[in-house]
Amino acid sequence: MTNSSINQLSAIILAAGEGTRMKSKMPKVLHTVLGRELLNHVIDSAKSAGTERICVVIGHKGDEVKEKIGDCVEYVEQKERLGTGHAVMQADGFIQEEGDVLVLYGDTPLITGETLKRLIDTHRKENNGVTILSAIVENPAGYGRIIRDEKGNFLKNVEHKDASEEELKVNEINGGMYCFKAKLLKEALKELTNNNSQKEYYLTDTLEIILSKGHRVNALVVEDSDEILGVNSRVQLAQVTQIMKRRINKMHMEAGVTIIDPENTYIEPEVKIGKDTIIYPGCNLQGKTVIGEDCIIGPNSTIKSSQVADKVTVQNSVVLESIINSNTTVGPFAYLRPNSNIGSHVRIGDFVEIKNSTIGNHTKVSHLTYIGDADVGERVNFGCGTVVVNYDGISKHRTKIGNDAFIGCNTNLISPVTVHDEAYTAAGSTITEDVPAKALAIARARQINKNDWVEKRKKK
Ligand code: UD1
Ligand code: MG
């Protein structure tokens with residue numbers, strides 16, 4: 001196959017259905033499994049299998065689907081739901097004359113790029129008109145059955161509702177994913193009728209049509225039948241989430257990450273984790289989070305879209321869209337809000353909240369402190385209960401703290417304000433003016449001791 005056009009590959013993904021059984025305001029394909037929409041999982045797999053163009057058939061709440069998924073794919077609309085064949089007909093203008101086209105469903109998020117590649121390879125090697133991805137399952141109820149002759153050659157697909165007693169016993173089912181020779185699909189679509197129990201245009205009828213024209217049709221049995229599981233209800237959404245969770249956790253463990261309790265650890269597909277990092281139970285690692293080597297994460301921590309360097313500890317904490325440099329410890333019970341950039345060898349202790357701030361190397365923020373909109377230098381020590389008062393009720397202001405400064409316990413830093421290098425603030429101070437380098441700022445009422453006060457009061 002030297003002609004490059006022969007290897008053209010595109011995909012059509014059906015996503016027009018309402019998903020009634022989800023009982024949701026949202027279109028089914030936008031429900032998420034480990035942080036990613038069902039449809040996006042399928043798009044990812046199609047892309048990783050090498051498709052150049054993807055067309056999504058939308059219908060029910062199509063505008064919402066379009067808005068969420070964006071312009072990484074093309075769209076056609078199916079105004080009425082008249083069956084899977086009818087849905088593909090709407091994409092007729094998208095189907096090229098040359099090469100192959102995958103047809104997939106938008107609600108099967110467990111399909112992998114590797115399996116789709118195998119489907120395409122088999123299709124091309126066997127020179128099939130169409131190759132179906134099938135599965136052997138214990139309970140085939142509801143699915144189309146793959147009917148073969150005694151030699152094992154593909155004869156046809158029969159939908160459950162149209163199947164005979166004999167055919168219902170077949171446990172090889174149509175997984176609902178196909179690789180077609182584009183031209184043959186185009187031709188077959190023209191011949192579809194809705195002559196069946198459901199009065200629908202079945203895509204599956206194209207299989208017989210293509211076979212009847214003398215082309216080879218075959219079904220490739222998927223190794224892991226989980227891959228074709230569709231999501232039709234919230235219960236299935238949870239089942240699919242569990243399977244994907246296990247798959248991702250296994251991949252990380254095989255790559256050298258210790259996961260103490262893989263059943264109780266949720267890692268989203270795009271997360272990267274370095275070797276010898278240990279994940280304790282109850283962690284959610286989300287978005288494009290990257291975690292380095294030799295870290296200790298958890299228990300019970302959520303880290304979203306953050307970069308965590310090597311040898312970092314995050315214990316019982318929440319970290320959102322932030323950076324943590326090496327050898328730093330966070331928590332227990334710390335909250336790093338978006339755009340926090342924490343240096344290395346830093347200590348962020350219990351009940352500390354940090355937002356939109358930089359914290360220099362070796363700085364210690366050990367307990368009960370809020371730092372918002374601040375730039376903190378290196379080797380700074382925060383006493384317990386410091387508050388950066390960043391909001392005056394109208395605007396947010398920035399505070400600066402130089403290197404080696406010492407912030408006494410219960411200091412309020414009224415922003416905007418600067419505490420220069422090596423300066424001290426006395427415990428209990430409310431700092432409203434800049435503190436010069438190496439100065440001590442005391443901003444609190446002096447203590448008065450009223451001697452014998454108690455005795456005097458008793459006499460009154
Ligand atoms: C289909 C197959 C069946 C297979 C099963 C695998 C047909 C006729 N049957 O049955 O052999 O075993 O999938 O899961 O294809 N859709 C549209 N527009 C429509 C109809 C459907 O976009 O008019 C979309 C749905 O949103 C869904 C997908 O196509 O994502 C499949 O449709 P569904 O009704 O679930 O087909 P099944 O009856 O499950
Ligand atoms: Mg279905």
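Counting starts at 1 for both ligands and their atoms, in listed order.
Among the atoms of G144, some N or O lies under 3.5 angstrom from an N or O of ligand 1. For A87, no nitrogen or oxygen atom sits less than 3.5 Å from a nitrogen or oxygen atom of ligand 1, counting backbone and side chain alike. Not one N or O of E80 is nearer than 3.5 Å to an N or O of ligand 1, by distance alone. Annotation: G176 places no N or O atom under 3.5 Å from an N or O atom of ligand 1; distance criterion only. Every N/O-N/O distance between G175 and ligand 1 stays at or above 3.5 Å.
Ring orientation note: the planes of Y178 and Y105 are nearly perpendicular, at an angle over 60° on the 30°/60° scale.
Under the 4.0 Å distance rule, the nearest protein heavy atom to atom 39 (O) of ligand 1 falls outside the cut-off.
E321 and S305 share no side-chain donor-acceptor pair at under 3.5 Å. Between the side chains of T32 and E37, no donor-acceptor pair is found at a separation under 3.5 Å. Between the side chains of N157 and E159, at least one donor-acceptor pair of N or O atoms lies under 3.5 Å.
The closest protein non-hydrogen atom to atom 1 (C) of ligand 1 is Y105 OH, 3.7 Å. Remark: minimum distance from atom 14 (O) of ligand 1 to any protein heavy atom is reached at Y143 CE2, 3.8 Å. With respect to atom 26 (O) of ligand 1, the closest heavy atom belonging to the protein is G17 N, 2.9 Å. From the protein, the heavy atom lying nearest to atom 34 (O) of ligand 1 is R81 NH2, 3.8 Å. For atom 27 (C) of ligand 1, the nearest non-hydrogen atom of the protein is D107 OD2, 4.4 Å. For atom 15 (O) of ligand 1, the closest non-hydrogen atom on the protein side is T84 OG1, 2.7 Å. Considering only non-hydrogen protein atoms, atom 12 (O) of ligand 1 sits nearest to N174 O, 2.6 Å.
Among D162, T204, L14, the residue whose heavy atom lies closest to atom 29 (O) of ligand 1 is L14.
Looking only at distances, no side-chain donor or acceptor of S395 sits under 3.5 Å from a matching main-chain atom of Y391. Side-chain N or O atoms of N356 include none that pairs as donor or acceptor with a backbone N or O of S340 at under 3.5 Å. Between the R36 side chain and the H41 main chain, no donor and acceptor come within less than 3.5 Å of each other.
The part of Q78 lying near ligand 1 is the side chain, judged by heavy-atom distances below 4.0 Å. Contact annotation: for E159 versus ligand 1, heavy atoms closer than 4.0 Å belong to the side chain alone.
Between I173 and ligand 1 there is no heavy-atom distance shorter than 4.0 Å. Residue G83 places a heavy atom under 4.0 Å from ligand 1.
Ion pairing of E223 with R118 is present here, as a side-chain N (NZ or NE/NH1/NH2) and a carboxylate O approach within less than 4.0 Å.
Exactly one of H397, K400, K396 qualifies for a side chain to side chain contact (heavy atoms under 4.5 Å, CB included) with S415. That residue is H397.
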Show every donor-acceptor pair shorter than 3.5 Å between a side-chain atom in residues 230-238 and any protein atom, with sequence neighbours excluded, or say none if there are none.
residue, atom, partner, partner atom, Å
N232, OD1, K28, NZ, 3.0
N232, ND2, Q236, OE1, 3.4
S233, OG, V235, N, 3.4
S233, OG, Q236, N, 3.2
R234, NE, M22, O, 2.9
R234, NH2, M22, O, 3.2
R234, NH2, K23, O, 3.2
Q236, OE1, N232, N, 2.6
Q236, OE1, S233, N, 3.3

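Residues passing the ring pair (Phe, Tyr, Trp, His ring centres under 6.0 Å) test with H252: none are found, sequence neighbours excluded.
Scanning both residues, Y280 and I278, for their nearest heavy atoms gives CE1-CG2, 3.6 Å.
Short contacts between ligand 1 and L82, defined as distances under 4.0 Å to a heavy atom of the residue, involve ligand atoms 23 (O).
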